[in-house]
Amino acid sequence: MSFPRVAAGTLAAAACAVVLARAQVGEVRTVAPDVYFHEGDIKGKGHCNNGWVVFQDYVLVIDANFPSGAREIIPKIRALTSKPIRFAFDTHHHGDHAYGNQVWVDEGAIPVAHTGVLEEMKKYEPALFGGGPGRWESTAKEREDVRTSKLKAPTVLFPDMLIFDDGVHRVELHHFGVAHTHGDGFAWLPKEKILFTGDACVNGPYNYVADGNIGEWIRTLDRARALGAQVVGPGHGPLGDATVLADQQLFFQELYRVVTAAAKGKNPAQVQESVVGMRAELGANARIARYLGDGFAGQVGKAYNEITGRSFPDRRAEADAERRHRGSHHDDGTPDAAGHAGHPN
Ligand SMILES: [Zn+2]
């Protein structure tokens with residue numbers, strides 16, 4: 001069946017009304033006609049959020065998730081449409097967003113990503129390119145869904161922008177610069193004013209910063225905010241509106257501000273000792289308190305390193321953040337035998 005062209009304002013208004021209702025984890029939400037959002041279970045399964053758009057002839061899925069996350073999503077898409085799932089867009093290379101690629105390929109889809117995702121995979125997944133074990137092999141030790149699948153790199157790549165447009169729906173995949181990684185892509189629906197961000201924007205204490213650059217992240221979020229999104233589907237945490245993008249950016253701006261101030265006239269150990277005070281200061285800001293989690297000390301360490309070029313003497317907080325942010329969630333607090341904390345989400 002075909003759909004009439006609908007005025008952009010109507011679609012955007014419909015989208016906004018949906019956002020007002022708080023969704024449950026694992027529940028499919030209709031964000032706008034043919035546009036869906038699904039909040040993944042990050043705490044229990046390490047899953048990311050997904051979005052999908054039902055075009056006239058095919059379905060485009062936003063994020064491949066872990067293999068188990070992909071297998072959870074596919075029946076939920078199938079319950080809504082029998083159209084073929086043609087494309088799975090990896091917003092970045094992390095396991096909970098890209099390790100499900102093979103599952104989508106088996107379903108007939110093609111993994112699509114910014115060129116930086118392939119570059120990141122060459123760096124972190126050497127086994128795929130004839131080298132030794134990398135993050136996939138490390139994760140496979142702890143996740144059966146990874147162990148029983150295989151890593152598949154995206155095979156359709158775009159440098160800055162890729163457009164899907166069938167006259168009814170338009171989805172633009174954009175790269176706006178370094179943020180959470182060096183290959184972050186956004187999915188922008190200009191008619192409905194919906195933006196899917198991957199982990200370049202999250203809605204809760206899920207920022208893993210070690211693979212990106214916080215300073216550049218702030219500027220990349222400027223470009224994302226300039227789109228004028230009314231609905232924001234973050235990489236983790238609940239669906240939101242434009243304030244999620246603004247709050248995410250403010251969290252990093254405030255982090256940079258307090259770390260810059262603390263770094264003046266102090267040595268690295270003294271700055272590290274003031275992490276508790278920084279947490280209290282940022283936690284007093286209602287707009288950004290939800291971004292403070294177990295990874296905060298690691299985020300301070302990364303910001304400090306970017307601002308001063310120096311590292312904290314005790315890097316355990318950063319290692320802990322890395323371990324926590326990977327797909328499997330161990331609570332024993334100990335890094336693996338190699339002293340390396342595994343890989344992040
Ligand atoms: Zn990530």
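One-based numbering, in listed order, for ligands and for the atoms of each.
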Counting backbone and side-chain atoms alike, does His97 have an N/O/S atom under 2.8 Å from the Zn ion (ligand 1)? no
Taking 2.8 Å as the cut-off, does Asp199 contribute an N, O or S atom near the Zn ion (ligand 1), distance below it? yes
ND1 (His94) to the Zn ion (ligand 1) to NE2 (His92), nearest 10°, is 90°
So that I know where these two stand, are His236 and His97 an aromatic pair - ring centroids less than 6.0 Å apart? yes
Closest non-hydrogen atom pair between Val117 and His92, with its separation: CG2-CA, 3.8 Å
Lys45/Asp145 ion pair, N-O < 4.0 Å: no
Residues pairing under ring-ring contact (aromatic ring centres under 6.0 Å, His included) where one sits in residues 253-274, two or more places apart or in two chains, turn out to be none
